[in-house]
Every structure is written in C-alpha cells, then in structure tokens.
There are 2 protein chains.
Amino acid sequence: MSEVHNFEKEMNRGFIQLVVLLLLEKPMYGYMIVRVLEQNGVVVDENTLYPLLRRLEEKGALSSRWDAPEAKARKYYQVTDQGRALRGSLLEIWQQQGKAIEALRQEVES
Amino acid sequence: MSEVHNFEKEMNRGFIQLVVLLLLEKPMYGYMIVRVLEQNGVVVDENTLYPLLRRLEEKGALSSRWDAPEAKARKYYQVTDQGRALRGSLLEIWQQQGKAIEALRQEVES
DNA sequence: TGACATACTGTGTGATACATGGTATATGTA
DNA sequence: TACATATACCATGTATCACACAGTATGTCA
C-alpha cells in the first residue's frame, strides 16, 4: 500500500516528538507545523501530529490557547519548562545514539 | 513503574533496527548482541531484540543459522544484501533527521 | 546440590503511527 | 452566486511494536 515500509516508519517515532519540542519554542498551531516541517523535508502526517500535540500537552510539555474565537479556530501550542526539560533528555538520548551509530559505521565501513 | 517515560522509549524504536543492521555485518546471536550493546551504553531489552531479529529475517534483511545443534542452541544472525539496502535507507533517514534537528537547535539556542 | 549465567521462546498489554472519514471556515475563480 | 480548493481541526479504527511477565533448557561454578 505505502511506499515507506514499517522499518522506515519506525524511524519517525522518537524524532517527531523532538522536532516538535524544538520547533515550539515559538508558538505555532498544528497545521502550520506540518507545513513548516514539509518545507524542511520532514513529512509528518496530520493524524500523527495532532494527537501528539494533545499528548504532549496532557503530559505538561506543551501549553495551548485558542486564537480568534469567532474566526477560523487555530490552536497555538508552545513549549513549557517541563517540555524544555523533556527536550533536553531526548536530545541527550539522540546524541548518545548518534555516537553509537557513528562508532558502528566506522567499524562496518573499514 | 518504569523510570523511563514513553517519550524516551519512543526514541529507541527506529534506532534499534539500525544498530542491529550495522552490528550484524559480523554474525552474532541475540544474547551476544544484547551484551555487546550494553557494553556500548545502549540498553536493548531481550524481549525487544529477539522479535526484532525474527522480523528482520522474515523481511529478508537478515539470515540465520543454528549453531552446535546438540549443545546449547545459539541462533546466529547476519545481514543480507537486502538488509544492507535497508540499512542504507535507514541511515539516510537518520542523517536527514540529524540535519533537521541541528538546524532547529541552532535557531532555538541562538 | 543448587544458585546463577546463558540463550531463547510464547503470550499478553499499552502506546503510537497512520488510515479513513468527517466538520467547519476561508478564499479564489468562473 | 456557485463550487472547488485550501485551511484547520477532530474522532475512531487498525496494525505494529517495545516491553512485561512467565517459562524452558543448558552450562558453569562453588
């Protein structure tokens, strides 16, 4: 059905969280996040992002507010201090993983 | 229950596949992989790794053979050409993600 | 003998990416 | 005005996966 197999899909899972936490240093709404990431070569499905945003808010990593109540509804999200702490630990994990992969790559390619 | 939250756990998902595909350029068995990764600061649960190995073999990315049939059974896995191709595309994804994260980090931290 | 390490397997459970389908407003254009 | 398309979000369902829990069986060492 899909071009991208499961193994490739799995690569997105942790990554999207981290990207969102980095991006939302400035307040943005869901649809906008999808477009901005798209322009940077990162494809995130709407139906992946919206639940993720709600989940991150539920856990205290993001805060949100509705904008322009009478116009087209936009829900702006922004990272909280708790979210910054989470971002920090995810970044650490990311970097440790990067080191492991680089080390292994050198072994394989030599 | 666990120290590590879901957001942190999610970081492992794509990563483990890639590490295994890199590591198995040399034939190794499951229990050995867990120990080797452990020594490199990467914690992979046995109950995560064993199914992953079977899954990768099922999809043709790994081949396996049982060793020493009458002694303690060890199942040696090794990457196939198909697995190398998969590894290549996962590495590409990894690098693209790395670029995206680095770009965002610079924006956030400046 | 018995504790512990080694080596693997089967069956849950909960979380999540993505699919499908839907609501509602805004905007461009014929 | 009519109608398509873009914008912006949500609800529900399915498949997959990390990890928990529990078990089998052999090897090793005190």
Side-chain angles (χ1 to χ4, degrees), chain A residues 1-20 27-39 42-59 61-62 64-77 90 93 97, chain B residues 1-20 27-39 42-59 61-62 64-77 90 93 97:
Chain A
M1 290 299 156
S2 64
E3 287 284 300
V4 180
H5 302 358
N6 282 319
F7 295 117
E8 274 94 347
K9 276 187 191 170
E10 289 297 310
M11 297 296 290
N12 261 326
R13 290 184 80 120
F15 170 69
I16 296 174
Q17 304 169 1
L18 184 45
V19 164
V20 165
M28 292 175 75
Y29 54 95
Y31 194 83
M32 187 181 172
I33 295 172
V34 172
R35 297 302 151 217
V36 167
L37 289 177
E38 208 172 54
Q39 282 159 26
V42 177
V43 177
V44 181
D45 195 284
E46 288 190 10
N47 303 309
T48 298
L49 182 67
Y50 287 120
L52 173 63
L53 290 172
R54 285 181 231 126
R55 221 154 53 230
L56 283 166
E57 185 180 20
E58 207 184 322
K59 302 277 179 69
L62 298 179
S64 74
R65 62 181 164 78
W66 285 98
D67 193 50
E70 69 289 313
K72 180 158 56 179
R74 283 174 176 172
K75 198 171 186 180
Y76 279 85
Y77 289 91
L90 295 190
I93 293 171
Q97 291 178 343
Chain B
M1 289 299 156
S2 61
E3 287 284 301
V4 180
H5 302 359
N6 283 320
F7 296 117
E8 274 93 348
K9 274 188 192 171
E10 289 298 310
M11 296 297 291
N12 260 326
R13 290 184 81 119
F15 169 70
I16 296 174
Q17 305 168 2
L18 184 44
V19 163
V20 164
M28 293 177 73
Y29 54 95
Y31 193 84
M32 186 183 175
I33 295 172
V34 173
R35 297 302 151 219
V36 167
L37 288 177
E38 208 171 54
Q39 281 159 26
V42 177
V43 176
V44 181
D45 196 284
E46 287 190 10
N47 302 310
T48 298
L49 182 66
Y50 286 120
L52 173 63
L53 291 172
R54 287 182 230 126
R55 221 153 54 230
L56 283 166
E57 184 180 22
E58 206 184 322
K59 301 278 179 70
L62 297 179
S64 75
R65 63 182 163 74
W66 285 98
D67 193 51
E70 70 288 312
K72 179 159 52 178
R74 283 174 176 173
K75 198 172 187 180
Y76 279 84
Y77 289 90
L90 295 189
I93 292 171
Q97 290 177 343

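Sequence lines set the chain letters: A, B, ... in the order given, protein chains first and strands last, and positions in each chain run from 1.
Residue contacts shown for B:Asn47 include a base, since a base heavy atom lies under 4.0 Å away. Counting non-hydrogen atoms under 4.0 angstrom, B:Glu10 reaches the backbone sugars and phosphates but no base.
A straight line from CG of B:Asn6 to P of D:dA20 spans 11 Å, rounded to a whole angstrom. Atom CG in A:Leu37 sits about 15 Å away from atom P in D:dA8, given to the nearest Å. Atom CZ in A:Phe15 sits roughly 12 Å away from atom P in C:dC18 (whole-Å rounding). Here C:dT16 presents its P atom at 12 Å from CD1 of A:Ile16, a figure rounded to the nearest Å. The CG atom of A:Leu49 sits 10 Å away from the P atom of D:dC10 (whole-angstrom rounding). One interatomic measurement links the two molecules: NZ of B:Lys9 to P of C:dA17, which rounds to 14 Å at whole-angstrom precision. As a whole-Å value, the separation of B:Asp67 CG from D:dT26 C1' is 14 Å. Atom CD in A:Glu46 sits about 16 Å away from atom P in C:dG22, given to the nearest Å.
In this structure the side chain of B:Leu49 reaches within 4.5 angstrom of the side chain of B:Ile33, judged on heavy atoms.
Applying the side-chain contact (heavy atoms from CB on, under 4.5 Å) test between B:Ile16 and each of B:Val44, B:Leu37, B:Asp45 identifies B:Val44 as the sole match.
The CZ atom of A:Arg74 lies 12.0 Å from the CH2 atom of A:Trp66; values are rounded to the nearest 0.5 Å. B:Tyr29 contributes atom OH, which lies 10.0 Å from atom CZ of B:Arg35 (distance to the nearest 0.5 angstrom). Here CZ of B:Arg54 is found 6.5 Å from OH of B:Tyr77. Values are rounded to the nearest 0.5 Å.
Of the candidates C:dC18, D:dT16, D:dA20, the closest approach to any side-chain atom of A:Thr48 belongs to C:dC18. Among C:dT9, D:dC10, D:dA20, the nucleotide with an atom closest to any side-chain atom of B:Trp66 is C:dT9.
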Problem - Intra- and inter-strand pairs of DNA chain C in dot-bracket (Watson-Crick or G-U wobble, both distances under 3.5 Å; | for another strand) - result: ||||||||||||||||||||||||||||||

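The residue among A:Pro51 and B:Tyr76 whose nearest nucleotide of DNA chain C lies closer to the 5′ end is B:Tyr76.
In this structure, B:Arg54 reaches the C:dT9 phosphate: one of its side-chain N or O atoms is under 4.0 Å from OP1 or OP2. The shortest distance between the side-chain N/O atoms of A:Tyr50 and the OP1/OP2 oxygens of D:dC10 is not below 4.0 Å. For C:dG14, neither phosphate oxygen OP1 nor OP2 lies less than 4.0 angstrom from any side-chain nitrogen or oxygen of A:Arg55.
In this structure, the side chain of A:Gln97 engages the main chain of B:Met11 through a donor-acceptor pair within 3.5 Å.
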Can you name the atoms? Protein N/O to nucleotides 4-7 of chain D N/O, anything below 3.5 Å, with the distance.
residue	atom	partner	partner atom	Å
D:dT7	OP2	A:Tyr31	OH	2.8
D:dT7	O5'	A:Tyr31	OH	3.4
D:dT7	O3'	A:Lys72	NZ	3.4

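Listed by chain and number, the residues in a side-chain hydrogen bond (donor to acceptor under 3.5 Å, both in side chains) with A:Glu57 are A:Ser64 (sequence neighbours excluded).
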Problem - Full working for side chain to side chain contact (heavy atoms under 4.5 Å, CB included) between B:Phe7 and A:Leu56 - result: CA-CA 9 Å; B:Phe7 296 117; A:Leu56 283 166; 3.6 Å; yes

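Using a cut-off of 4.0 Å between Lys/Arg side-chain N and Asp/Glu carboxylate O, B:Glu58 and B:Arg55 are scored as not salt-bridged.
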